[in-house]
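Below: the structure, in structure tokens.
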Amino acid sequence: MKIEKLDWDSQFFGFGIAKIPTDNITEKVLTNILLQAKKENIKLLYWFIAPDNENLNLLAIKFNAFLADEKTTFIKSISNQVKAVSTNISRYNPTVPNAELYSLSQQSAEFSRFKMDGMFPANACENLYIQWIINSVNKKIADSVLVFEQNEKITGMITLKAKDNMGYIGLIGVDTQMRGMQIGTKLIESAEHYFAQKTVNTIEVVTQRANIKACNFYIKNGFSIKQIENVYHLWI
């Protein structure tokens, strides 16, 4: 059984990273995977396991894998009858992020698995989210970035991607000092309006189960849980 090498992750973090296949994993198979990984200079294996797969979760624990995240995917169906977009929200047109977007991207990384796992270098998560907002603004991984601006200051942002009749929210962030003012809800409404114009009627967004506020926020805004995956990091 072959592991899946993750070239982008490996290049970005500076060491070999691969993904363990989910199906048909036994203790013997996992032992062979670890031997294969060592030969190929892989330092970290990601392993995505369904929470109700007791055997694989116990196997991951037995091999000292770190439960870095309970990846929670939310989904929402929308129609063309969506609310009007707040006048404070507009498209971010520059091709590089400004300081406010960099700050918002860092604030949205609070529960990231790359931050939760202390085996990563201290600045790894910070650099990852910097690259995420850069690649969103320059449209390498996002179609559009919408921002909430008040008094000439950006205090909220959301990155959007439409693909195969699905709408995907990448990053969404509201400045910590401005939370509780419905900015996040207005950003979601703007996303729905954006996707409705592209005849997309289903939106997905991923967060961490440990981020209770984010999970409650999505449920409050009409999303439901599509899938939860336990994400383990197995360091070699």
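Inter-residue side-chain proximity for I183 and T155 is flagged as met; some heavy-atom pair is nearer than 4.5 Å. The shortest distance between side-chain heavy atoms of K76 and E192 falls below 4.5 Å. When side chains are defined from C-beta on, S136 does not count as touching I134, because their heavy atoms never get closer than 4.5 Å. Residues V96 and N138 form no side-chain contact, since every pair of their non-hydrogen atoms from C-beta on lies 4.5 Å or further apart. Looking at L34 and L234, their side chains come closer than 4.5 Å, going by heavy atoms from C-beta outward. F223 has its side chain out of reach of I75: every pair of non-hydrogen atoms, C-beta onward, lies at least 4.5 Å apart.
The backbone N or O of N98 sits less than 3.5 Å from a side-chain atom of Y92, completing a donor-acceptor pair. For S108 (side chain) and S105 (main-chain N/O), a donor-acceptor pair under 3.5 Å exists by modelled atom type. A donor-acceptor pair under 3.5 Å is absent between the side-chain atoms of S112 and the main chain of A109, judged by distance alone. The closest donor-acceptor contact from the side chain of D143 to the backbone of A162 lies under 3.5 Å. T202 places no side-chain N or O within donor-acceptor distance of the main-chain N or O of G167, the cut-off being under 3.5 Å. Between the D117 side chain and the M119 main chain, a donor and an acceptor come within less than 3.5 Å of each other. Not one N or O on the side chain of N53 forms a donor-acceptor pair closer than 3.5 Å with the backbone of I49. In this structure, E100 contributes its side chain and I154 its backbone to a donor-acceptor pair below 3.5 Å. Within the 3.5 Å criterion, the main-chain N or O of L171 finds a donor-acceptor partner in the side chain of T159. Put simply, the side chain of S10 gets close to the backbone of I17: a donor and an acceptor are under 3.5 Å apart.
Here F120 contributes atom CZ and F15 contributes atom CZ; the two are 5.0 Å apart, rounded to the nearest 0.5 Å. Separating the CG atom in L45 from the CD1 atom in I236 is a distance of 4.0 Å, to the nearest 0.5 Å. I158 contributes atom CD1, which lies 5.5 Å from atom OG of S190 (distance to the nearest 0.5 angstrom). Taking CG of N135 as the reference point, atom CD1 of I130 lies at 12.0 Å (rounded to 0.5 Å). The CG atom of L59 sits 7.5 Å away from atom OG1 of T26, with the distance rounded to the nearest 0.5 Å. Between the CE atom of M116 and the CG atom of L67 there is a distance of 12.0 Å, given to the nearest 0.5 Å.
Among all heavy-atom pairs drawn from V29 and N24, the shortest one is CG2-O, 4.0 Å. Between H233 and R113, the shortest heavy-atom distance links the atoms NE2-NH1, 2.7 Å. Here the closest non-hydrogen pair linking V206 and T73 is CG2-OG1, 3.7 Å. Nearest heavy-atom pair across M157 and I133 is SD-CD1, 4.3 Å. Scanning all heavy atoms of the two residues, the minimum distance from A50 to N57 falls at O-ND2, 3.0 Å. Heavy-atom minimum distance, C215 versus T207: SG-CG2, 3.9 Å.
In this structure, K115 does not pair ionically with E126, as no charged nitrogen and carboxylate oxygen lie closer than 4.0 Å. Salt-bridge formation is detected for the pair K226/E204: a Lys NZ or Arg NE/NH1/NH2 atom is positioned less than 4.0 Å from an Asp or Glu carboxylate oxygen. By the 4.0 Å N-to-carboxylate-O rule, K62 lies close enough to E27 to be salt-bridged with it.
Residue Q36 qualifies as enclosed at atom CD: its count of foreign heavy atoms under 6.0 Å is above 12. Counting non-hydrogen atoms of other residues, nucleotides and ligands closer than 6.0 Å to CD1 of I212 gives a total of 12 or fewer. In N32, the CG atom is crowded: over 12 heavy atoms of neighbouring residues, nucleotides or ligands sit closer than 6.0 Å.
Annotation: cation-pi geometry satisfied between K19 and F48 (NZ/CZ under 6.0 angstrom from ring centroid, within 45° of ring axis).
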Quiz item: Does the pair F13 and W8 meet the rule for a ring-ring contact (aromatic ring centres under 6.0 Å, His included), with working shown?
Solution: CA-CA 9 Å; F13 290 113; W8 191 94; 7.2 Å; no

Practice problem: Starting from the C-alpha separation in whole Å, work towards a yes-or-no answer on side-chain hydrogen bond (donor to acceptor under 3.5 Å, both in side chains) for N221 and T185. | Solution: CA-CA 7 Å; N221 282 280; T185 294; 3.2 Å; yes

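With hydrogens and angles left out, the side-chain atoms of N201 and S77 include no donor and acceptor closer than 3.5 Å. Between the side chains of R209 and T72, no donor-acceptor pair of N or O atoms lies under 3.5 Å. A side-chain donor-acceptor contact under 3.5 Å links S103 and Q107. Between Y232 and D69, the side chains place no donor N or O within less than 3.5 Å of an acceptor N or O (distance only, hydrogens not considered).
Both V137 and I141 are members of a single hydrophobic cluster when ILVMFWY side chains are connected at heavy-atom separations under 4.5 Å. If you chain together hydrophobic residues whose side chains sit under 4.5 Å apart, L44 and I20 never meet in one group. Hydrophobic clustering keeps I228 apart from Y46 (ILVMFWY residues linked when any side-chain heavy atoms are closer than 4.5 Å, directly or through intermediates). Under a hydrophobic clustering in which Ile, Leu, Val, Met, Phe, Trp and Tyr are joined whenever their side-chain heavy atoms come within less than 4.5 Å, directly or via other members, I169 and V145 fall into different clusters. The same ILVMFWY cluster, assembled from side-chain heavy atoms under 4.5 Å apart, contains both I188 and I225.
Separation of the W47 and F66 ring centroids does not fall under the 6.0 Å cut-off.
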